[in-house]
Amino acid sequence: MNIEKKIEKMGIVLPETSKTGSLFIPVRQLGNALYVSGQIPFKDGKLLYTGKVGKDLSLEEAEEAARVCIINMLAALKFYLGDLAKVKSIVKLQAFVSSEVGFEQQHIVINAASQLLIDIFGQSGRHARTAIGTNQLPMDAPVEIEAIIEV
C-alpha cells in the first residue's frame, strides 16, 4: 500500500511544513541518508503540551506528544522528498524526554513514536534508538525527536 494512503487511512493528517527561518534546516541529505532535525509536538503553530513528564504531563500525554513529533517528522520528510514512498527505512531515532527527577519511563514514552513508525512502514520502520531523559527542552517542550532516514 502507498505510504501516504496508509497514513491517511490511519486518520493522520500531515501538517503543512513551512520553511524555517532558523539557523538550521529541517532535513539535510548526505548520500542516501536524511538527517531530520529535532521535532517537537507542534500543531497548528503552537505546542500541544509543555512541561516535564512525571510532573506536568502524564505518561499518556507524553506518548501522544511523541506521536505528534513523528507526524511532524513525516511532514518534514514529505516536504523535502515530495513523496514518502522514497523512504527506504527508518535507521535511527534519538529522542529526548523532559523529565521530572525520578521519572524512569522515557523508553515507554518513545515506544509510542517507534510503534507509529512500525505501523506505517512495517519492518522498514524498525530502527535503532536512544531515549534520553533531560531536565529541559526548547520552549518547555516535553519531547523532542530527531531521526536518520534511508532513502
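What you find for Val143 and Ala65 is that their closest heavy atoms are CG2-CB, 4.1 Å. Across Ile90 and His127, no two heavy atoms sit closer than the pair O-CB, 3.3 Å. Residues Tyr35 and Ala33 share a closest heavy-atom pair of CE1-CB, 4.0 Å. Closest approach of Gly51 to Asp56, counting heavy atoms only: CA-OD2, 3.4 Å. What you find for Ile70 and Ala113 is that their closest heavy atoms are CG1-CB, 3.4 Å.
Between Ile3 and Val87 there is no side-chain heavy-atom pair separated by less than 4.5 Å. Contact annotation: the side chain of Ile40 never approaches that of Leu137 to less than 4.5 Å [non-hydrogen atoms, C-beta and beyond]. Contact check for Leu59 versus Gln105: side-chain heavy atoms found under the 4.5 Å cut-off. Residues Arg28 and Leu34 form no side-chain contact, since every pair of their non-hydrogen atoms from C-beta on lies 4.5 Å or further apart.
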Check against side chain to side chain contact (heavy atoms under 4.5 Å, CB included), Gln94 and Ile132: CA-CA 8 Å; Gln94 183 156 319; Ile132 300 168; 4.3 Å; yes
Going through the distances and angles, do Ile118 and Arg126 end up as a side chain to side chain contact (heavy atoms under 4.5 Å, CB included)? CA-CA 6 Å; Ile118 293 166; Arg126 293 177 101 35; 3.2 Å; yes
Using the rule given for side chain to side chain contact (heavy atoms under 4.5 Å, CB included), can you reason through Ser99 versus Thr134, listing the C-alpha separation, both sets of side-chain angles and the distance that settles it, and then say yes or no? CA-CA 6 Å; Ser99 306; Thr134 186; over 6 Å; no
Yes or no on salt bridge (charged side-chain N to carboxylate O under 4.0 Å, His left out) for Arg67 and Glu64, after CA distance, side-chain angles and deciding distance? CA-CA 5 Å; Arg67 283 189 285 273; Glu64 179 57 24; 3.1 Å; yes
Run the numbers on Asp119 and Met10 for side chain to side chain contact (heavy atoms under 4.5 Å, CB included), then give the verdict. CA-CA 9 Å; Asp119 291 347; Met10 294 172 71; 3.8 Å; yes
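Going from atom CZ of Phe121 over to atom CG of Leu116 covers 9.0 Å, rounded to the nearest 0.5 Å. Here the CD1 atom belonging to Ile145 is positioned 4.5 Å from the CD1 atom belonging to Ile110, to the nearest 0.5 angstrom. Expressed to the nearest 0.5 Å, how far CD of Glu61 lies from CD of Glu63 amounts to 10.5 Å. In this structure, Phe42 CZ and Leu47 CG are separated by 4.5 Å, a value rounded to the nearest 0.5 Å. One finds the CD1 atom of Ile120 at 8.0 Å from the NZ atom of Lys6 (value rounded to the nearest 0.5 Å). How far CD1 of Ile71 is from CD1 of Ile12: 4.5 Å, rounded to the nearest 0.5 Å.
At most 12 non-hydrogen atoms from other residues, nucleotides or ligands lie less than 6.0 angstrom from CG of Asp44. Within a 6.0 Å sphere centred on CD of Gln29, other residues, nucleotides and ligands contribute more than 12 heavy atoms.
When atom types are taken as modelled, the side chain of Lys86 and the backbone of Leu81 share a donor-acceptor pair closer than 3.5 angstrom. Gln106 contributes a side-chain N or O that, together with a main-chain N or O of Phe103, makes up a donor-acceptor pair within less than 3.5 Å. Remark: side-chain polar atoms of Ser124 are not paired, donor with acceptor, to backbone N or O of Gly122 under 3.5 angstrom. A donor-acceptor contact shorter than 3.5 Å is absent between the side chain of Asn135 and the backbone of Ser98. In terms of modelled atom types and a separation under 3.5 Å, the side chain of Asn72 and the main chain of Pro41 share no donor-acceptor contact. Gln39 places a side-chain N or O within donor-acceptor distance of the main-chain N or O of Ser37, the cut-off being under 3.5 Å. Of the possible polar contacts, none joining the Lys92 side chain to the Ile148 backbone as a donor-acceptor pair under 3.5 Å is found. Gln115 places no side-chain N or O within donor-acceptor distance of the main-chain N or O of Leu117, the cut-off being under 3.5 Å. With hydrogens and angles disregarded, a donor-acceptor distance shorter than 3.5 Å links the side chain of Asn2 to the backbone of Lys5.
By the salt bridge (Lys or Arg N to Asp or Glu O under 4.0 Å) test, Arg129 pairs with no residue at all, sequence neighbours left out. Lys88 is linked by a salt bridge (Lys or Arg N to Asp or Glu O under 4.0 Å) to Glu150, counting only residues two or more places apart in sequence or in another chain. Listed by chain and residue number, nothing satisfies the salt bridge (Lys or Arg N to Asp or Glu O under 4.0 Å) test with Lys52 (two or more places apart in sequence, or in another chain).
The hydrophobic clustering, which links ILVMFWY residues whose side-chain heavy atoms are closer than 4.5 Å, places Val27 and Leu14 together. Taken together through direct or relayed side-chain contacts under 4.5 Å among Ile, Leu, Val, Met, Phe, Trp and Tyr, Tyr49 and Val97 form parts of separate hydrophobic clusters. A chain of hydrophobic side-chain contacts below 4.5 Å, direct or via other Ile, Leu, Val, Met, Phe, Trp or Tyr residues, connects Val91 to Leu30. Hydrophobic cluster membership differs between Val68 and Leu84, with clusters built from Ile, Leu, Val, Met, Phe, Trp and Tyr side chains linked at under 4.5 angstrom. Both Met73 and Val151 are assigned to one and the same hydrophobic cluster, defined by single-linkage of ILVMFWY side chains at heavy-atom distances under 4.5 Å.
We find that Glu4 and Lys78 are joined by a salt bridge, their nearest charged nitrogen and carboxylate oxygen being less than 4.0 Å apart.
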